[in-house]
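Working notes, structure below.
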Amino acid sequence: MVCFDYSRRSDRWVLDGGAVSLRSPLGRVLGLGSAKDGTGHFWAQRVSGVALVFLGLWFAGSLSSLQLHDHAVVMAFIASPLNNVLLALLCLTAAYHSYLGVQVVIEDYVHAAGLKIVSLVVSRFVHVLVVAIAIYAILRIGLSA
Amino acid sequence: MSNTQRPLSPHLSIYRWPITMTLSILHRATGVVMALGLLLLAAWLANAAAGADDYQRFAALLSSLIGRLLLLAWSFAFFLHMANGIRHLFWDSGRGFEKAQANASAWFVLITAVVLTGGFWMVAL
């Protein structure tokens, strides 16, 4: 009985260096490691990626046959109701997909905890700002036509 | 003492860089390029909304040599990232992981991206 108790202790409370910790193994790992949202991130990246295959091909196809230097032509293209909605969807989805991707890049390459958090917050701010500017421009052109 | 017959892990000096690794890092690189491309997309829309004068300045900037090179890079980044993204979606179904398959799909994606980029600019110009 004493022997069993000893082995249980050595499993749980003695650290690698041999020091005895008063903290339980659970207490040591809480707040570290997986936040249990990896699957959600993975799935959001895939679904937005599938949407961007369609939206991106539509946009590339439209751009290739558009007289981009002619302001009136570009305005008419953006103002058309279908294009207006699809452009807004493209900007929203691309910014979301981009944020998810840049987040992974930052998490992979920026190791200092403080700089990592600052980078993630800045990335989120910039993405939201850029998409807000884009949506404002799209709606302004669409609604004033 | 030492067993020279054991399998050796790849060493830097004898390691042949496989095409799959090129595609792996290119997927990430093109993703970052297109994250920056979002700025261009927003700038295009904002300049169009700002009026004809601002738009002409913006269009002139893009039709400069550097602007054209950036557009070429961004279009290739889009087609490569899209094609390789579809390759990733296929992998998500649990198929295509054999070495020969992964090498073949890597080349297929690369060639597809070049062809689509070429086709895009043939129509555009």
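Side-chain atoms are counted along with the backbone in the values below, which use heavy atoms only and exclude waters and symmetry mates. Each chain gets a letter, A, B and so on, in the order its sequence line appears, and its residues count up from 1.
More than 12 heavy atoms of other residues, nucleotides or ligands sit less than 6.0 Å from atom CH2 of B:Trp91. Counted within 6.0 Å of CG on B:Asp53, heavy atoms from surrounding residues, nucleotides or ligands total 12 or fewer; the atom is thus considered open. B:Leu125 CG: more than 12 foreign heavy atoms inside a 6.0 Å radius.
Using a 4.5 Å cut-off on side-chain heavy atoms (C-beta onward), A:Tyr99 and B:Leu38 make no contact. Using a 4.5 Å heavy-atom cutoff, the side chains of A:His97 and B:His81 are in contact. Within the 4.5 Å cutoff, no side-chain heavy atoms of A:Leu63 are placed close to those of B:Ser75.
Using a 4.5 Å cut-off between heavy atoms, A:Ser98 touches chain B through its side chain atoms alone. Both the backbone and the side chain of A:Leu68 come within contact range of chain B, judged by heavy atoms closer than 4.5 Å. Contact of B:Phe78 with chain A is made through the side chain alone, with heavy-atom distances under 4.5 Å. Contact annotation for A:Leu87: only side-chain heavy atoms (C-beta onward) come within less than 4.5 Å of a heavy atom of chain B.
Follow the hydrophobic side-chain contacts under 4.5 Å out from A:Phe59 and you reach B:Trp121 in the same cluster.
Ring pair A:His71/B:Tyr55 is tilted by interplanar angle, where 30° to 60° counts as tilted.
Across all their heavy atoms, A:Ala60 and B:Phe79 have their closest contact at CB-CZ, 4.2 Å.
Counting heavy-atom pairs closer than 4.5 Å to chain B, the top-ranked of the candidates A:Val50, A:Val105, A:Val102 is A:Val105. Your options are B:Leu41, B:Leu89, B:Asp92, B:Ile86, and the one with the most heavy-atom pairs under 4.5 Å with chain A is B:Asp92.
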